[in-house]
Amino acid sequence: MPVPVPRQRTSPTDCTGSPEPTRPTRPTGTTGATGPAGATGATGAAVSTGPAGQAGPSAATPPATATPAKSGDLIVLVIDDDPSATFTASELPETAGTRVRIRTARNLTEAERLLTDDIHCVLVDLGLPGADDGDELAPLKHVLRLAPRHAVLALAAEGDAERAAAAVRVGAQDYLFRDELDVRLLSRAIQYAVERKRADVAQRQLTESRLRAQENARLERGLLPTPLLQGSDLRFAARYRPGRSRALLGGDFYDTVRTPDGTVHAMIGDVSGHGPDEAALGVELRIAWRALTLAGLCGDQLLSTLQQVLEHERESEEIFATLCTVDIAPDGRRAGICLAGHPSPLVTHRGRAKQLIPNEEGGPALGLLSRARWPRRHVELGGAWGLMMYTDGLIEGRTGPGASDRLGQEGMLDMINGRLAEGLSGDDLLEAAVTQAQELNGGELNDDVAVLLLGRDGGV
């Protein structure tokens with residue numbers, strides 16, 4: 001293969017000491033893989049120039065054979081209406097362990113055909129024909145639109161510094177003066193341009209990722225419920241930890257509203273599975289529950305309607321949701337509880353440990369049985385009480401790092417009673433409970449966790 005040295009147009013002699021041939025005019029209508037003046041074709045094979053710029057193999061050197069590209073090679077597409085005036089071979093000598101392979105195109109149409117995904121850098125002659133409306137950078141801008149993921153170098157004449165600088169301003173990674181080209185400068189400029197483009201793409205992707213994360217956080221924060229308890233003397237506290245990394249919202253959901261008759265309605269639920277689709281379905285069910293509750297539905301009628309919503313909105317028939325609803329009477333002394341495949345709430349009275357409310361009368365999870373029924377259990381709360389509702393993410397963690405046993409409801413009872421004995425209540429109680437469950441698990445809990453606490457007259 002001949003030594004691939006970029007050729008300098010203004011040099012009086014070439015590397016052999018012979019006069020440099022003048023830049024020939026391309027014959028009209030010439031097409032194909034090889035062109036006049038020793039232009040290389042789409043294959044990137046080298047064609048040297050003979051006397052008077054006629055294309056053909058060199059008399060002293062056999063025709064070059066293209067070497068298969070390796071994974072570490074850099075492939076450059078040169079767009080120049082006379083590429084033989086710049087390059088005489090299909091690759092540059094290897095520098096710093098990197099070989100630069102050359103492909104050439106004589107115009108933008110041919111460049112568009114040759115611009116494949118394996119190209120790393122595009123070298124564009126700013127003197128290409130095709131400027132329109134006085135825009136001397138039109139060919140370069142066209143290339144930038146064609147190759148948004150590729151590094152682009154502008155090739156300019158020595159006296160065209162202003163246009164070369166403008167090329168960088170519109171998107172090229174750098175510019176080179178044709179008359180100053182040598183092998184080392186060109187190879188280094190190509191490698192630098194490729195690395196700069198990679199850094200630019202990585203930075204843009206990072207910025208876009210951060211913006212998406214911020215938008216998702218704002219959206220998820222807006223979807224979290226705002227309790228409607230105006231006029232109620234009940235204490236309210238809640239904790240929510242999604243199982244998805246860096247998420248604010250998971251498949252668990254909860255809500256609390258007070259209707260005009262003074263009844264306080266609370267709900268907590270869990271959509272099967274994990275991910276954004278389950279989180280979206282949980283939001284739909286929460287909003288549907290609030291609307292139905294404010295419309296006056298409760299108990300079995302409300303849950304039957306919610307099941308219809310679930311069946312219409314879920315992506316597959318395998319998806320279901322557990323639910324627990326509590327309706328606290330206006331005087332705060334009684335409650336009606338419905339369970340749809342959900343863990344039973346905890347209840348405590350002043351001076352006594354928390355206990356599980358029996359759930360023998362509960363019904364199936366929503367979405368499992370088309371004609372299911374959900375009995376409503378009546379519970380006497382008394383004057384001072386606390387009621388804690390939770391999802392199974394709180395009880396499915398391990399009892400210790402490396403342990404195989406689940407915490408379970410009994411373990412959770414012991415954990416909560418221990419925190420109550422320390423005098424914790426409200427937000428502090430919930431935060432301590434979730435944190436301890438995580439510590440016992442030996443790390444982050446795998447499932448979403450939601451905990452809701454309602455209390456009256458110092459019950460919690």
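These numbers were taken from a predicted model, which means no experiment stands behind them.
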Quick one: which of Leu77, Val194, Val78 gives a side-chain contact (heavy atoms from CB on, under 4.5 Å) with Cys121? Val194
For Ala238 and Leu452, which heavy atoms make the closest approach, and how far apart are they? CB-CD1, 4.2 Å
Would you check if the side chain of Thr435 reaches a backbone N or O of Glu431 as a donor-acceptor pair within less than 3.5 Å? yes
Spatial distance of atom CD (Gln203) from atom CD (Glu208) [nearest 0.5 Å]: 10.5 Å
Does the side chain of Ile268 reach to within under 4.5 Å of the side chain of His342, using non-hydrogen atoms? yes
Evaluation steps, side chain to side chain contact (heavy atoms under 4.5 Å, CB included), between Thr391 and Asp448: CA-CA 8 Å; Thr391 58; Asp448 305 326; 5.7 Å; no
Parallel, tilted or perpendicular: which one describes the rings of Tyr240 and Tyr254, with boundaries at 30° and 60°? tilted
Would you say Asp233 has more than 12 foreign heavy atoms packed within less than 6.0 Å of its CG? yes
Mind checking whether Arg198 and His120 have side chains closer than 4.5 Å, heavy atoms only? yes
Pairwise distance CG(Asp117) to CD1(Ile75) - rounded to 0.5 angstrom: 11.0 Å
Gap separating the CD atom of Gln438 from the CZ atom of Arg398, nearest 0.5 angstrom: 15.5 Å
With a 4.5 Å heavy-atom cut-off, do Val271 and Phe253 have their side chains touching? yes
A side-chain contact here means heavy atoms from C-beta on lying under 4.5 Å apart; do Tyr390 and Cys324 qualify? no
Go through Ser187 and Gln191 one step at a time and tell me if the side chain to side chain donor-acceptor pair (under 3.5 Å) criterion holds. CA-CA 6 Å; Ser187 180; Gln191 294 183 55; 3.3 Å; yes
Measure across Ser425 and Arg235 and return the closest heavy-atom pair with its distance rounded to 0.1 Å. OG-NH1, 4.0 Å
Taking everything shown except Phe236 itself, do over 12 heavy atoms lie less than 6.0 Å from its CZ? yes
Hey, are the side chains of Arg456 and Leu387 touching, using non-hydrogen atoms and a 4.5 Å cut-off? no
Flag, side chain of Asp277 to backbone of Ala280, donor-acceptor distance under 3.5 Å: no
Is it the case that the side chain of His142 and the backbone of Ala138 share a donor-acceptor pair, with hydrogens and angles ignored and the cut-off at 3.5 Å? no
For the residue pair Gly299 and Cys338, what are the closest heavy atoms and their distance? CA-SG, 3.7 Å
Begin from the C-alpha positions of Leu302 and Trp289 and carry the test side chain to side chain contact (heavy atoms under 4.5 Å, CB included) through to its verdict. CA-CA 8 Å; Leu302 184 148; Trp289 175 86; 3.4 Å; yes
Inspect the surroundings of CD in Glu315 and state if more than 12 heavy atoms from other residues, nucleotides or ligands are less than 6.0 Å away. no
Apply the test side chain to side chain contact (heavy atoms under 4.5 Å, CB included) to residues Arg333 and Leu381: give CA-CA distance (whole Å), side-chain angles for both, the deciding distance (0.1 Å), then the verdict. CA-CA 5 Å; Arg333 303 182 67 88; Leu381 297 176; 5.6 Å; no
With a 4.5 Å heavy-atom cut-off, do Leu281 and Arg314 have their side chains touching? yes
We want to know whether Gln301 and Thr305 form a side-chain donor-acceptor pair, criterion being a heavy-atom distance below 3.5 angstrom. no
From Leu429 CG over to Arg419 CZ, what is the distance, rounded to the nearest 0.5 angstrom? 9.0 Å
Between Asp252 and Arg241, is there a salt bridge with N-O shorter than 4.0 Å? no
Between Ser232 and Arg258 the two heavy atoms that sit nearest each other are CB-CD, 3.7 Å
Taking Ser304 for its side chain and Asp300 for its backbone only, find out whether a donor-acceptor pair lies under 3.5 Å. yes
Decide yes or no on salt bridge (charged side-chain N to carboxylate O under 4.0 Å, His left out) for Asp160 and Arg163, but give the supporting numbers first. CA-CA 6 Å; Asp160 208 3; Arg163 181 159 56 160; 2.7 Å; yes
Between atom OG1 of Thr256 and atom CD1 of Ile328, what is the distance when rounded to the nearest 0.5 Å? 8.5 Å
Side-chain donor or acceptor of Lys197 paired with backbone N/O of Pro148 under 3.5 Å: yes
Is the backbone N or O of Glu396 less than 3.5 Å from a side-chain atom of Arg406, with the two atoms forming a donor-acceptor pair by type? yes
Could you tell me whether the side chain of Leu339 reaches within less than 4.5 Å of the side chain of Pro345, counting heavy atoms only? yes
Mind checking the CD-CG spacing from Glu422 to Asp428? Nearest 0.5 Å is all I need. 11.0 Å
Worked verdict on Leu303 versus Arg373 for side chain to side chain contact (heavy atoms under 4.5 Å, CB included): CA-CA 8 Å; Leu303 292 176; Arg373 290 293 179 264; over 6 Å; no
Heavy atoms of Gly393 and Leu445 approach each other most closely as O-CD1, 4.0 Å
With Asp80 as partner, the option from Arg106, Arg103, Arg178 fulfilling salt bridge (charged side-chain N to carboxylate O under 4.0 Å, His left out) is Arg178
Could you check if a side-chain atom of Leu356 sits within less than 4.5 angstrom of a side-chain atom of Leu346, using non-hydrogen atoms only? yes
For residues Ala266 and Leu454, report the shortest heavy-atom separation together with the two atoms involved. CB-CD1, 3.7 Å
